[in-house]
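The figures that follow rest on heavy atoms only: side chains count, while hydrogens, waters and symmetry mates do not. Being a predicted model, the structure only gives us computed values, none of them experimental.
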Protein chains: 2
Amino acid sequence: MKDLGREPEHVKMAPRVVVGRVSLYLRQLEAFQRQGYTTISSSQLGAPLSIKNAQVRKDLACFGQFGHPGVGYRIDDLIGALRRALGIDRDWPLAVIGLGNLGRALLGYRGFRTRRFKIVAIFDSDPAKVGQVYEGLTVEPLENLKKAATSGKIHLGLLCVPAESAQRVADQMVHAGITGILNFAPVPLTVPPQVNVVTVDLSVQLENLAYKVLKGQEGLLARGTLPALVGDR
Amino acid sequence: MKDLGREPEHVKMAPRVVVGRVSLYLRQLEAFQRQGYTTISSSQLGAPLSIKNAQVRKDLACFGQFGHPGVGYRIDDLIGALRRALGIDRDWPLAVIGLGNLGRALLGYRGFRTRRFKIVAIFDSDPAKVGQVYEGLTVEPLENLKKAATSGKIHLGLLCVPAESAQRVADQMVHAGITGILNFAPVPLTVPPQVNVVTVDLSVQLENLAYKVLKGQEGLLARGTLPALVGDR
DNA sequence: TAGATTGTTAATCGATTAACAATC
DNA sequence: TAGATTGTTAATCGATTAACAATC
């Protein structure tokens with residue numbers, strides 16, 4: 001028989017897929033809040049996202065008991081509870097690593113600012129870029145990253161360098177003490193287990209989309225409802 | 001008893017999750033190819049991606065029989081077969097809709113160009129932007145989209161407008177005949193079923209990352225191996 | 001041949017959905 | 001109270017993994 005008494009040391013971590021859905025619930029809740037609603041049922045919350053009410057309740061139950069039988073969920077309370085649960089009830093200072101086109105785009109991305117993700121520093125290894133000022137931030141040499149990270153000013157890094165240098169720069173980020181990397185380079189990174197990486201590979205997303213479009217059209221073609229749109233050159 | 005004889009009309013479409021993995025296999029295969037390998041086993045292909053050999057074989061089997069027992073897969077053949085299966089053995093002309101920071105970044109994104117995704121037009125509803133030239137392309141008014149789409153020049157659109165106007169512009173794209181939308185606005189879009197949408201919500205990704213970092217650190221904290229990095233202001 | 005590796009079937013695992021007693 | 005909706009258990013579904021005969 002296993003020693004179950006000592007289990008609680010494990011941090012109960014909701015599955016990745018649940019965390020993703022909770023982000024969506026949060027957006028939906030904010031939309032309902034803006035419309036003036038004060039309470040909401042699991043069915044109402046799930047409907048616009050095409051998620052079943054049982055799924056909604058089970059996901060929320062991962063983080064605690066927020067609902068009131070017969071009534072539903074109080075929107076203000078639920079938003080607060082979910083933000084706390086996701087850890088976004090505080091500021092998250094970000095660093096942009098690599099100031100190419102993508103890095104500049106992220107500097108201006110409002111989706112971060114409205115969610116307490118704040119870009120507070122820019123690093124680049126190109127001496128020609130160091131010292132330039134964008135959005136009120138001066139580009140610093142990559143060597144400065146360690147100081148910023150160890151002083152606790154920065155926890156997450158947006159890795160925006162070309163694929164060729166991504167692993168090398170990621171190694172430097174790890175060495176500097178960064179524990180979370182949002183990776184935009186289309187290569188899988190190798191990092192120690194205590195470092196967290198989420199890769200956003202836009203060409204993977206586009207390939208997914210192309211496949212859906214292609215298959216969808218073949219499906220329609222098979223039923224003879226659409227002229228050929230793909231494959232004709 | 002159901003009429004099984006008429007089933008084949010359905011297009012057998014590999015599950016979304018399989019298509020995502022196949023994109024990763026493709027990148028890995030190209031890496032092995034560059035290193036000079038000519039054949040590869042399911043174990044070798046899966047290892048760098050932390051995917052089990054059985055999973056690799058099962059995923060590939062969705063698209064046909066490509067392997068040779070006792071030998072493995074011939075890399076050149078497999079790359080060709082997978083590209084065909086995913087529909088990326090042809091050019092996919094793209095339109096950028098909305099020329100803000102993000103739109104400009106995508107114009108310069110090499111990850112697209114190297115995979116036969118080609119941005120061939122830019123549309124914006126802001127008259128001040130129409131007529132400007134970026135990367136050799138002249139910004140056109142949104143009304144021109146329909147002509148470009150129906151002439152078959154464009155199948156996929158990269159939607160890069162602010163959240164507030166995303167649904168309105170998506171409606172125009174649908175009306176113009178675009179069948180695939182890569183949506184960068186952090187709002188879920190409502191579109192007819194024959195239109196395919198993939199949403200890339202960067203703040204959802206960042207929220208996932210923040211959660212992992214937070215939980216990872218709590219885990220380490222609980223075991224007393226790390227000083228507090230989060231929550232101190 | 002002996003060794004390696006496939007494609008596929010069966011077993012396992014985890015996630016989604018349905019159902020319902022408990023509650024307001 | 002009657003109606004609504006929760007949290008949770010049990011049933012269903014789908015995806016992952018293991019195992020192995022067939023093959024080179």
Side-chain angles (χ1 to χ4, degrees), chain A residues 2 7 10-25 28-29 32 37-82 85 208 211, chain B residues 2 7 10-25 28-29 32 37-82 85 208 211:
Chain A
K2 289 272 190 62
E7 280 294 336
H10 261 295
V11 178
K12 58 186 169 199
M13 185 151 155
R16 174 87 192 268
V17 61
V18 172
V19 177
R21 280 197 298 262
V22 169
S23 283
L24 301 178
Y25 298 151
Q28 200 60 55
L29 285 165
F32 277 112
Y37 290 84
T38 57
T39 63
I40 195 175
S41 72
S42 54
S43 304
Q44 289 174 293
L45 179 53
L49 302 164
S50 306
I51 296 174
K52 295 258 188 314
N53 57 34
Q55 178 92 265
V56 172
R57 292 198 299 278
K58 205 147 207 268
D59 286 345
L60 298 181
C62 289
F63 300 98
Q65 290 204 174
F66 309 121
H68 305 278
V71 180
Y73 300 85
R74 291 200 40 217
I75 291 182
D76 295 1
D77 294 353
L78 187 55
I79 288 177
L82 294 181
N208 276 237
Y211 181 76
Chain B
K2 288 276 190 62
E7 280 294 336
H10 262 294
V11 178
K12 59 185 168 203
M13 182 152 157
R16 174 87 194 269
V17 61
V18 172
V19 177
R21 280 196 300 262
V22 169
S23 283
L24 300 178
Y25 299 151
Q28 200 61 55
L29 286 165
F32 278 112
Y37 290 83
T38 56
T39 64
I40 195 175
S41 72
S42 54
S43 303
Q44 288 174 293
L45 179 53
L49 302 164
S50 305
I51 296 173
K52 296 259 188 314
N53 57 36
Q55 178 92 266
V56 172
R57 293 199 298 279
K58 204 144 206 269
D59 287 344
L60 298 181
C62 290
F63 300 99
Q65 291 202 178
F66 309 120
H68 305 277
V71 179
Y73 301 85
R74 290 199 41 216
I75 290 180
D76 295 2
D77 293 354
L78 187 55
I79 288 177
L82 293 181
N208 276 238
Y211 182 76

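- Of the two residues contacting DNA chain C, namely G70(A) and S42(B), the nearest-nucleotide position lying further toward the 5' end is that of S42(B).
- Running 5' to 3' along DNA chain D, contacts with non-hydrogen atoms of chain A at under 4.0 Å begin and end at dA4(D) to dT9(D).
- Q55(B) places no side-chain N or O within donor-acceptor distance of the main-chain N or O of K52(B), the cut-off being under 3.5 Å.
- Two residues are said to be in side-chain contact when any heavy atoms from C-beta on lie closer than 4.5 Å; L82(B) and L29(B) meet this criterion.
- With sequence neighbours excluded, the residues satisfying ring-ring contact (aromatic ring centres under 6.0 Å, His included) with F32(B) are Y37(B).
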With Watson-Crick and G-U wobble geometry limited to distances under 3.5 Å, how should the secondary structure of DNA chain D be encoded in dot-bracket form, using | for bases paired to another strand and [ ] for crossing pairs? ..||||||||||||||||||||||
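- Of the inter-residue distances, the one linking L78(B) atom CG with T39(B) atom OG1 reads 11.0 Å to the nearest 0.5 angstrom.
- Heavy atoms of R21(B) sit under 4.0 angstrom from primed sugar atoms or phosphate atoms, though from no base atom.
- With hydrogens and angles disregarded, a donor-acceptor distance shorter than 3.5 Å links the side chain of Y211(B) to the backbone of A14(A).
- Expressed to the nearest 0.5 Å, how far OH of Y25(A) lies from CG of D59(A) amounts to 3.5 Å.
- Contacts of residues 52-60 of chain A with DNA chain C (heavy atom under 4.0 Å): K52(A), A54(A), Q55(A), R57(A), K58(A).
- For residues 65-76 of chain A, the set of pairs meeting the side-chain hydrogen bond (donor to acceptor under 3.5 Å, both in side chains) definition, not counting sequence neighbours, comprises Q33(A)-D76(A), R74(A)-D77(A).
- If you take CD on Q44(A) and CD on Q28(A), they are separated by 11.0 Å, rounding to the nearest 0.5 Å.
- Side-chain contact, N53(A) with S42(A): no donor N or O sits under 3.5 Å from an acceptor N or O.
- Shown here are the salt bridge (charged side-chain N to carboxylate O under 4.0 Å, His left out) partners of R57(A), two or more places apart in sequence or in another chain: there are none.
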